[in-house]
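This report refers to the structure that appears directly beneath it.
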Amino acid sequence: GRLVTDLADRHQRTTQSYVRRPYGVGLLVASFDKNGPHVYQTCPSGNVYECYATAIGARSQSGRTYLEKHCESFEECSKDDLIMHALKALV
């Protein structure tokens with residue numbers, strides 16, 4: 001969490017400085033700690049969101065819709081099933 005927040009702060013600093021151009025990219029960062037897995041999304045504006053499942057980029061809406069529809073079943077899925085869900089969300 002803290003590393004992602006530091007990264008988002010760096011994104012934010014570049015948007016406020018007239019000397020540098022903003023990064024202009026968002027990132028998805030996955031992590032695992034004592035509390036379990038986490039997925040974070042950073043925006044070029046410096047905002048950070050913690051998500052259960054998400055997609056970013058061009059044509060990401062169909063991926064987000066797929067993930068939202070199947071999100072409830074992820075806890076019971078095996079690793080292979082989760083990989084299949086990820087691949088289906090990409091299509």
Side-chain angles (χ1 to χ4, degrees):
R2 182 166 181 201
L3 180 65
V4 176
T5 303
D6 290 345
L7 179 65
D9 287 344
R10 181 172 289 237
H11 283 217
Q12 171 59 1
R13 279 195 300 271
T14 60
T15 60
Q16 290 182 344
S17 173
Y18 64 90
V19 177
R20 293 188 220 142
R21 292 182 57 168
Y23 289 117
V25 296
L27 294 174
L28 288 179
V29 179
S31 68
F32 190 89
D33 62 11
K34 64 182 178 189
N35 297 321
H38 303 276
V39 176
Y40 299 97
Q41 176 184 351
T42 67
C43 297
S45 63
N47 294 329
V48 178
Y49 304 101
E50 186 170 5
C51 312
Y52 291 109
T54 191
I56 61 173
R59 300 185 312 195
S60 63
Q61 184 59 49
S62 62
R64 278 196 305 271
T65 301
Y66 177 87
L67 293 170
E68 287 173 4
K69 191 182 298 185
H70 295 89
C71 188
E72 298 295 323
S73 67
F74 292 163
E75 283 193 40
E76 296 88 37
C77 288
S78 68
K79 182 171 82 171
D80 290 338
D81 291 336
L82 289 172
I83 291 170
M84 289 305 296
H85 278 298
L87 292 173
K88 289 177 181 176
L90 290 173
V91 177

Practice task
Just jot down the ring-ring contact (aromatic ring centres under 6.0 Å, His included) partners of Phe74, sequence neighbours excluded, or say none.
Solution key: His85
Exercise for the section: Kindly work out whether a path of hydrophobic side-chain contacts (I/L/V/M/F/W/Y, heavy atoms less than 4.5 Å apart) joins Ile56 to Leu27. Expected result: no
Handout entry: Path from Leu82 to Tyr66 over hydrophobic side-chain contacts below 4.5 Å
Key = yes
Problem - With sequence neighbours excluded, residues passing side-chain hydrogen bond (donor to acceptor under 3.5 Å, both in side chains) with Ser62 - result: none
Exercise for the section: Would you please name every residue forming a side-chain hydrogen bond (donor to acceptor under 3.5 Å, both in side chains) with Ser31, sequence neighbours left out? Expected result: none
Handout entry: Over 12 non-hydrogen atoms of neighbours within 6.0 angstrom of CD in Glu72
Key = no
Closest heavy-atom pair and its distance - [X], [Y]:
X: Asn35; Y: Asp33; value: N-OD1, 2.9 Å
X: Phe32; Y: Pro37; value: CD1-N, 3.5 Å
X: Leu28; Y: Ala55; value: CD1-CA, 4.5 Å
X: Cys77; Y: Ser73; value: SG-O, 3.1 Å

Handout entry: Transitive ILVMFWY cluster of Val91, excluding itself - 4.5 Å side-chain cut-off
Key = none
Problem - Euclidean distance, Thr42 OG1 relative to Asp6 CG, rounded to 0.5 Å - result: 12.0 Å
Practice task
Kindly state each residue pair satisfying side chain to side chain donor-acceptor pair (under 3.5 Å) with at least one member in residues 50-59, sequence neighbours excluded.
Solution key: His38-Glu50
Who are the side-chain contact (heavy atoms from CB on, under 4.5 Å) partners of [X], not counting sequence neighbours?
X: Gln61; value: Arg64, Thr65
X: Thr5; value: Asp9
X: Leu90; value: Leu87

